[in-house]
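Pasting a structure below so you can have a look.
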There are 2 protein chains.
Amino acid sequence: MTTAKSDTISTRISKTLADRIISGAIEAGSRLRQDHVAEEFGASHVPVREAFRLLESQGLVVSEPRRGVRVAGFTREEVREVAEMRASLEALALRNAFPHMTKAILDTAEEANRAGDRAPDVYAWEEANRNFHRIILAPCGMPRLLKAIDDLQTASARFLFSGWRAEWEAPTDRDHRAILDALRTGQADMAAAVLARHVQTIGQKRPK
Amino acid sequence: MTTAKSDTISTRISKTLADRIISGAIEAGSRLRQDHVAEEFGASHVPVREAFRLLESQGLVVSEPRRGVRVAGFTREEVREVAEMRASLEALALRNAFPHMTKAILDTAEEANRAGDRAPDVYAWEEANRNFHRIILAPCGMPRLLKAIDDLQTASARFLFSGWRAEWEAPTDRDHRAILDALRTGQADMAAAVLARHVQTIGQKRPK
DNA sequence: ATTACTAAAATTATCTATAATTTCGCAGAA
DNA sequence: TTCTGCGAAATTATAGATAATTTTAGTAAT
């Protein structure tokens, strides 16, 4: 949410646009015109083009050679694809994180989980949910994997905010607790299995 | 290898640099200076910057805000990471490709496999190997997944060419045949399991 | 009414120039 | 010798201008 301090103009533009795409402020399929974006941000279009490339690598826009970029659409198929990739990669990350898991980490994760329970709206809930996943996966120490998961989580969030899912229901939190319990009792494979199933359910709710 | 016809200058530059990084012509850790690259390609540095972003998204270079880009290094850890991600994602792709598998596809894969046997050098072998994997995974029809796998295969190829692995030994081909056999006899899970194990062995040879 | 063609407008991609930042080497002090 | 600070050179990042391509709109022909 908070774009933090990001030195270069391209990244600042990129993050702002990403927020808009994820929140649904810019709808899928609409064109992004570099001059207009540049003017809005008071910049030239060179950093805008680089921001577009950033967004492209996250799968938020698609770019055709001389025809500009447009916000990536997401069909039921694409949502399922992202969910399956997340399930696969998050399970992998969790199995690798397991040997480095400490009580402190699990406690922090539990706190993130509670923050989700207290969340007043879907945006706050999404942030807490994302934090929970990040906290339990980060100890794997595999940066490339974590980056990939992060991009997939962004795509998932986009889906979540799109209104396909009317309410963010409670079962997810139950899953989170089940994962923590499994980790606490040393059942790595069980935890990974629950996590994989948990992530996949995200792609199955409310087929529009 | 053949860069094909790629309209924009950035992509042409990007592909050429990618080839050099993969083949080891540019070694890990060395800086890429935009002016020098621009001069070599007879272009300005604007498209060069975009090419850098492309390479960054593939994980071939790392970029620090005002300090330029350098060729991504690969430690034993990173190689293992890529191998595990490949194993996980290729298994997922294969399970999803299975329902769409046809005899024609399997025959084409077998032909790619034979091409690997006939390969005169490691570069030709790598191309045949990559084709084999692509052919059996493409029917899954999940573009984002296939793109991710493709980038990981590129990283693997880099490792293969780096000389860590002295010779590209035969067991891989045996694995390929085992995968084809499992697919032909309808054992999807078996095929996926062999594929996952097969990919992981790539990261375990010759620890320098 | 619909299609095809042409010209104008808008937009993308690139180049050249400029500003800002970092790197590198060297001088001087501890 | 080793560390610190200053200044020049190199390099990155952005701006402004230009060329090339695509889109749009309007007109004429079927």
Side-chain angles (χ1 to χ4, degrees), chain A residues 2-21 25-73 147, chain B residues 2-21 25-73 147:
Chain A
T2 51
T3 55
K5 62 110 183 30
S6 22
D7 210 4
T8 147
I9 292 185
S10 337
T11 58
R12 191 162 51 244
I13 295 176
S14 153
K15 285 183 179 166
T16 306
L17 291 180
D19 276 351
R20 287 187 199 166
I21 294 173
I26 316 180
E27 65 182 321
S30 54
R31 285 182 65 173
L32 293 177
R33 269 159 288 214
Q34 52 185 222
D35 282 354
H36 299 186
V37 176
E39 192 181 19
E40 176 188 344
F41 285 87
S44 104
H45 56 259
V46 178
V48 174
R49 292 178 58 80
E50 298 197 27
F52 284 174
R53 284 283 146 79
L54 243 332
L55 295 171
E56 191 181 9
S57 78
Q58 297 175 315
L60 292 177
V61 305
V62 294
S63 158
E64 284 187 288
R66 291 222 164 230
R67 330 187 76 182
V69 307
R70 50 182 65 236
V71 178
K147 173 69 167 62
Chain B
T2 49
T3 56
K5 60 111 182 33
S6 23
D7 209 3
T8 147
I9 291 185
S10 334
T11 58
R12 190 162 50 245
I13 294 176
S14 154
K15 285 184 180 166
T16 305
L17 291 179
D19 276 351
R20 287 189 200 164
I21 294 172
I26 315 179
E27 65 183 321
S30 54
R31 284 183 64 175
L32 292 178
R33 270 159 287 215
Q34 52 185 223
D35 281 355
H36 299 185
V37 175
E39 191 181 20
E40 176 189 343
F41 286 89
S44 103
H45 57 257
V46 180
V48 173
R49 290 177 60 80
E50 298 196 26
F52 284 175
R53 286 283 145 78
L54 244 330
L55 296 171
E56 191 181 9
S57 77
Q58 298 176 314
L60 292 177
V61 306
V62 293
S63 160
E64 283 187 289
R66 291 222 164 229
R67 331 186 76 182
V69 307
R70 49 182 65 236
V71 178
K147 173 68 167 60

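In what follows, chains are A, B, ... by sequence order, proteins preceding strands, each numbered from 1.
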Is there a donor-acceptor pair under 3.5 Å between the side chain of R70(A) and the backbone N or O of G29(A)?
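Checked: pair present.
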
For P47(B) versus A43(B), what's the shortest heavy-atom pair and its separation?
CG-CB, 4.3 Å

Whole Å only: how far is the CD atom of E50(B) from the P atom of dT12(C)?
12 Å

Tell me, with the steps shown, if V69(A) and E56(A) meet side-chain contact (heavy atoms from CB on, under 4.5 Å).
CA-CA 9 Å; V69(A) 307; E56(A) 191 181 9; 6.0 Å; no

Over how many whole Å does the gap from I9(A) atom CD1 to dT12(D) atom P extend?
17 Å

What residue pairs, at least two apart or across chains, pass salt bridge (Lys or Arg N to Asp or Glu O under 4.0 Å) with a residue in residues 39-51 of chain B?
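Of all non-adjacent pairs touching residues 39-51 of chain B, those that pass salt bridge (Lys or Arg N to Asp or Glu O under 4.0 Å) are R49(A)-E50(B), E50(A)-R49(B), R53(A)-E50(B), R20(B)-E40(B).
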
Between G42(B) and H36(A), name the one whose nearest nucleotide on DNA chain C is closer to the 5' end.
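Here H36(A) is the residue nearer the 5' end.
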
Quick one: which protein N/O atoms are closer than 3.5 Å to N/O atoms of nucleotides 22-25 of chain C? Pair and distance per line, please.
from, atom 1, to, atom 2, distance (Å)
dT23(C), OP1, R67(B), NE, 2.8
dT23(C), OP1, R67(B), NH2, 2.7
dT23(C), OP2, R67(B), NH2, 2.7

Counting heavy atoms from C-beta on, name the nucleotide in dT16(C), dT11(C), dT12(C) closest to the side chain of D35(A).
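For D35(A), the side-chain atoms sit closest to dT12(C).
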
Atom CZ of F41(A) and atom C1' of dA15(D): how far apart are they, to the nearest Å?
17 Å

Using whole Å, report how far CZ of R49(B) lies from P of dT12(D).
9 Å

So, does S10(A) get its side chain near the phosphate of dT14(D), meaning an N or O under 4.0 Å from OP1 or OP2?
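True: S10(A) side-chain N/O within range (under 4.0 Å) of dT14(D) OP1/OP2.
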
When you measure from the side-chain N and O atoms of T8(B) to the phosphate of dT14(C), is any distance below 4.0 Å, counting only OP1 and OP2?
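Checking dT14(C) against T8(B), a side-chain N or O does come within under 4.0 Å of OP1 or OP2.
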
Interatomic distance, H45(A) NE2 vs dG16(D) C1' [rounded to whole Å]:
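After rounding, the gap between these two atoms is 9 Å.
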
Non-hydrogen side-chain atoms of R33(A) and D35(A) separated by less than 4.5 Å:
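In short, these two side chains do not touch, never coming nearer than 4.5 Å.
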
Write down the distance between CD (Q34(B)) and P (dT14(C)), rounded to a whole number of angstrom.
15 Å

For the student: nearest non-hydrogen atoms of A28(A) and V71(A), plus distance:
CA-CG1, 3.8 Å

In whole Å, what is the span from the CZ atom of R70(A) to the P atom of dT11(C)?
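Nearest whole value for this atom pair: 13 Å.
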
Measure the shortest side-chain to side-chain distance between F41(B) and I9(B) over non-hydrogen atoms and say whether it is less than 4.5 angstrom.
no

